[in-house]
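Got a structure for you, written out below as structure tokens; questions coming shortly.
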Amino acid sequence: MNITQIFGSNVFNESVMRDRLPRDVFNEVMEVKEHGGQISMRIADIVATAMKDWAVEKGATHYTHWFQPLTGATAEKHDSFITYPVEGKTLLQLTGKQLIMGESDASSFPSGGLRATSYARGYTAWDMTSPAFVKEMSCGNILCIPTIFVSYNGEALDTKTPLLHAMEALSEQTLRIVRLFGNTKATKASAFVGAEQEYFLVDREKYLKRRDLIYCGRTLFGAPAPKGQELEDQYFGVIRERVGAFMKDLNEELWKLGITATTQHNEAAPAQHEMAPIYCVANVAVDQNQLAMETMKRVATHHGLVCLLHEKPFAGVNGSGKHNNWSIGVDTGENLLSPGSHPADNLQFQLVLSCILKAVDTHAGLLRQSACNVGNDLRLGAQEAPPAIISVFLGDELDAVIDNIVNGTSTSENTRIRLDSGVSTVPVLTKDGSDRNRTTPFAFTSNKFEFRMVGSSDSIAPANTVLNTIVAEAFCDAADQLEQAEDFETACRELIRTNFAEHQRIIFNGDGYSEEWVQEAARRGLPNIPSTVDAIPMLCTPESIALFEKFHIFTEAELHSRCDVLYEGYSKGINIEAQTMLHMASKHYIPAVINYVTELATSLNQVKAACPVADTSVQEQLLCQVSSLLTEASNARAHLEQVTAETNAMTDVAAMAHAFRNQVVPAMTALRSPIDQLELLVNKDYWPVPTYGDLMFEV
């Protein structure tokens, strides 16, 4: 296999377009792609025909407008290239109109009230900044055309439309900043993103015996295995053969789709792994991450495996996240988050950094909301992922620069410390300017920020929409002030000092897992938002509405609709879990334990009948213990059924979500506890489902 030959082979990328389009058509397409505008229908027809011919050569029979509704997943409707037969013959066709616009039933996707059931029309529109691609599927090869998805009235019904607006806002405001420093050649600024993806792999046959994994993506019951991750031998350990075969095929499939999957390794928990790509432009990164998750699931089935993307598939071991590495660059090749070798003298970097600190501090609650979902509530703040308190880690070097700026003290010459291991055959290393901090949600890592809160199953679009928007606002505020300054350098230094002084509270380089940090964060006035239902309102505060409307990211109606969608999604997610627990308890666990208790009692009576003086205290104690836990489980099952029914009878979406969090989730915990204890007592032959040990160590 030659990687360079297969990489991007299923992508209608710039190289393919250059080869297949007339020069004038190619130039017009690239101009619109890079700087905005509209292509003519004549050009669209030429592009569509070339795209269709290329896809057919790849074996494609259908095309689809591939979009990302508010389900968190992707959506696609396949249409054949076949035209109406004439004289018994048909042609394969894709017109410019079909390329540019499609139609879908908007009432069948979450809209938070923006679309009534009786009004169904919604439109998909080609996002020409993200390349089309051919997806190899069991139903045939499909040409996928990335699109946005909007209602008949133009409201955004997807995650990509607001992201594209936010990217444009960031570009416009970033150019204002670099112009202040003499860069007149840059014409576009972009947010660049690289999303690390953590996941679990389990055996498919065992997976199919667990209704909780099938319906919910995580185990709702399960006692800890005798071994977890305490030996720390899984992390970066030797990859098992079956997993390695999966990774090999996964890489090939991702490379065909132009996804630069470069890193693969075992993660901290048993059966947990990670894939990481090279960064690219934000909206393309979003598309590629959605494709990566889909491809992981598909390739896993070819190996008799199932890929679990839930944030917390197993209790007691680390869950999975998706570190969102984010930076800003301009088309002249400059990374605005690169401090250079002397950050103390880099005025542009200092201004950019101060604006980002201001943005994160001002909109901490909104940034927290961008990473909220049902599964992530089980992970954030659990000594395995960042706490629910937003803070920024910069490291000692930048901390010292900021302290000197705020306090007006001199800055010593920046020198990187060299690290000598003492081994004569090992080279002396130059250390980075700071260590890393895995307990912070927003960490500076050399030339980018790593937003560590996003959940492994989530789209990264909401997080990047928020990041781009809040930074655009901070850049706008800075440019408004500095563009009017008579003495730019003096005004710039004063603004930097003010930003650092007013928002230094967001910087924390210590242990984010400690209780001391919770108390210190409260003292600093930083918000602590532990759950999804508490985070959702951050999207619809007056400040958030004003922010998003100012940069034309969302309307107020769109924001309120998204709050409703999030509340409904949370309630539906917990309800599915509760109903699954009731099903498993009623149909699997309780009957199995009753059978075991019956067999145990029968055996006990037989022993007593055969030998009245025999010591049966062990059997009697076990029978009493199991019977007591069985009663507790039965009562807990009845209570869960009651509170779930009461909660489902509610009509207000916010009140329902709070009731699921406050009433149903504790009832679920109460049911799980006795059944997990019973798993450790009941004979394995009677236990109805694979255990944690079966799932995590037998892959």
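Small disclaimer: the values here were computed from a predicted structure and weren't measured.
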Those residues that, when tested against E620, pass salt bridge (Lys or Arg N to Asp or Glu O under 4.0 Å) (two or more places apart): K608
Test log, rule side chain to side chain contact (heavy atoms under 4.5 Å, CB included), inputs Q234 and Q229: CA-CA 7 Å; Q234 161 76 4; Q229 63 188 62; 5.9 Å; no
Under the side-chain hydrogen bond (donor to acceptor under 3.5 Å, both in side chains) test, residues paired with T440 that sit two or more places apart: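 Listed in chain order: S391.
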Side chain N648, main chain T644, donor-acceptor under 3.5 Å: yes
N/O donor-acceptor pair under 3.5 Å between R298 side chain and S138 backbone: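 No, the answer is negative, given that no donor and acceptor are paired below the 3.5 Å cut-off.
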Donor-acceptor under 3.5 Å (R210 side chain, F221 main chain):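 Side chain of R210 to backbone of F221: a pair is present.
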Residue pairs involving residues 668-699 (criterion ring pair (Phe, Tyr, Trp, His ring centres under 6.0 Å); sequence neighbours excluded):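 For residues 668-699: F314-Y692, Y589-W687, Y596-Y686.
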Non-neighbouring partners of E679 that pass side-chain hydrogen bond (donor to acceptor under 3.5 Å, both in side chains), sequence neighbours left out: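 Partners of E679 under the side-chain hydrogen bond (donor to acceptor under 3.5 Å, both in side chains) test: none.
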Side-chain (T647) to main-chain (V643) donor-acceptor, under 3.5 angstrom: yes
Closest non-hydrogen atom pair between I389 and V518, with its separation: CD1-CA, 4.0 Å
Pairwise side-chain contact, S459 with V286, heavy-atom cut-off 4.5 Å (strictly under):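 Sidechains of V286 and S459: in contact.
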Those residues that, when tested against H560, pass ring-ring contact (aromatic ring centres under 6.0 Å, His included) (two or more places apart): none
Side-chain donor or acceptor of T439 paired with backbone N/O of G512 under 3.5 Å: yes
Passing candidate, side chain to side chain contact (heavy atoms under 4.5 Å, CB included) with W517, options E520, E515, Q519: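 Exactly one pass, corresponding to E520.
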Partner set under salt bridge (Lys or Arg N to Asp or Glu O under 4.0 Å) for K297, not counting sequence neighbours: none
S456 versus S320, closest heavy-atom pair with distance: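 Between these two residues, the closest heavy atoms are OG-O, 3.2 Å.
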Among T532, V665, I576, I574, the one residue meeting side chain to side chain contact (heavy atoms under 4.5 Å, CB included) with V374: I574
Over 12 non-hydrogen atoms of neighbours within 6.0 angstrom of CD in E205: no
Verdict with reasoning, Q579 to Y215, per side chain to side chain contact (heavy atoms under 4.5 Å, CB included): CA-CA 10 Å; Q579 299 294 346; Y215 297 142; over 6 Å; no
Close side-chain approach of Y235 to N318, heavy-atom, < 4.5 Å: no
Residue list, side-chain hydrogen bond (donor to acceptor under 3.5 Å, both in side chains) with T691, at least two apart or on another chain: D694
Pair R379 + E198, salt bridge at N-O below 4.0 Å: no
Non-neighbouring partners of H78 that pass ring-ring contact (aromatic ring centres under 6.0 Å, His included), sequence neighbours left out: none
Polar contact flag, side-chain donor to acceptor under 3.5 angstrom, Q677-S673: yes
Close side-chain approach of K312 and E384, heavy atoms under 4.5 Å: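 With C-beta onward as the side chain, the pair touches.
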Closest contact, heavy atoms only, N376 versus G455: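 In terms of heavy atoms, the two residues are closest at ND2-N, 3.4 Å.
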Short N-O contact, K248 and E252, less than 4.0 angstrom: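 Result for this pair is yes, salt bridge flagged.
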Flag side-chain contact, heavy atom, 4.5 Å: L157 against L70: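 L157 vs L70: side chains apart.
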Main-chain N/O of G222 paired with D676 side-chain donor or acceptor, under 3.5 Å: yes
Candidate pair T263 and E274, rule side chain to side chain donor-acceptor pair (under 3.5 Å), full reasoning: CA-CA 8 Å; T263 301; E274 180 177 298; over 6 Å; no
Closest non-hydrogen atom pair, A195 against N289: CB-ND2, 4.0 Å
Flag, side chain of Q197 to backbone of K322, donor-acceptor distance under 3.5 Å: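 Judged by distance alone, no pair lies under 3.5 Å.
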L305 side chain near V202 side chain, heavy-atom distance below 4.5 Å: no
Check: S561 side chain, G113 main-chain N or O, donor-acceptor pair, under 3.5 Å: no
For I142 against M137, the heavy-atom pair lying closest together: CG1-SD, 3.8 Å
Any side-chain heavy-atom pair of R204 and T301 under 4.5 Å: yes
Full working for side chain to side chain contact (heavy atoms under 4.5 Å, CB included) between R211 and V689: CA-CA 9 Å; R211 292 291 161 181; V689 300; over 6 Å; no
Donor-acceptor pair between Q621 and Q625 side chains, under 3.5 angstrom: no
Backbone of L367 reached by a side-chain donor or acceptor of S370 within 3.5 Å: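 The answer is yes, because a donor-acceptor pair under 3.5 Å joins these two groups.
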Check against side chain to side chain donor-acceptor pair (under 3.5 Å), E294 and Q290: CA-CA 6 Å; E294 177 187 323; Q290 293 285 4; over 6 Å; no
Side chain to side chain contact (heavy atoms under 4.5 Å, CB included) between L308 and Y207, worked out: CA-CA 10 Å; L308 302 177; Y207 164 89; 4.1 Å; yes
Mutual orientation of the aromatic rings belonging to H273 and Y199 [parallel < 30°, tilted 30-60°, perpendicular > 60°]: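 H273 vs Y199 ring planes: tilted.
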Pairs touching residues 232-241 that satisfy salt bridge (charged side-chain N to carboxylate O under 4.0 Å, His left out), sequence neighbours left out: K227-D233
Salt bridge (charged side-chain N to carboxylate O under 4.0 Å, His left out) partners of residues 563-583, not counting sequence neighbours, each pair once: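 For residues 563-583: R218-E577.
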L566 side chain near Q369 side chain, heavy-atom distance below 4.5 Å: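 Yes, side chains in contact.
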Any donor-acceptor N/O pair, T541 side chain to S544 backbone, under 3.5 Å: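 Looks like yes, one N/O pair under 3.5 Å.
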Heavy-atom check, side chain of Q619 versus side chain of S603, under 4.5 Å: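 The answer is no; the side chains never approach within 4.5 Å.
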Spacing of K135 atom NZ and T74 atom OG1 [to the nearest 0.5 Å]: 5.5 Å
Distance-minimising heavy-atom pair for A292 and L254: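 Shortest heavy-atom contact: CA-CD2, 3.8 Å.
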Set of residues satisfying ring-ring contact (aromatic ring centres under 6.0 Å, His included) with respect to H310, sequence neighbours excluded: none
Working for side chain to side chain donor-acceptor pair (under 3.5 Å), residues H303 and D249: CA-CA 10 Å; H303 294 267; D249 287 351; 2.8 Å; yes
Ring pair (Phe, Tyr, Trp, His ring centres under 6.0 Å) contacts touching residues 639-680 (sequence neighbours left out): none
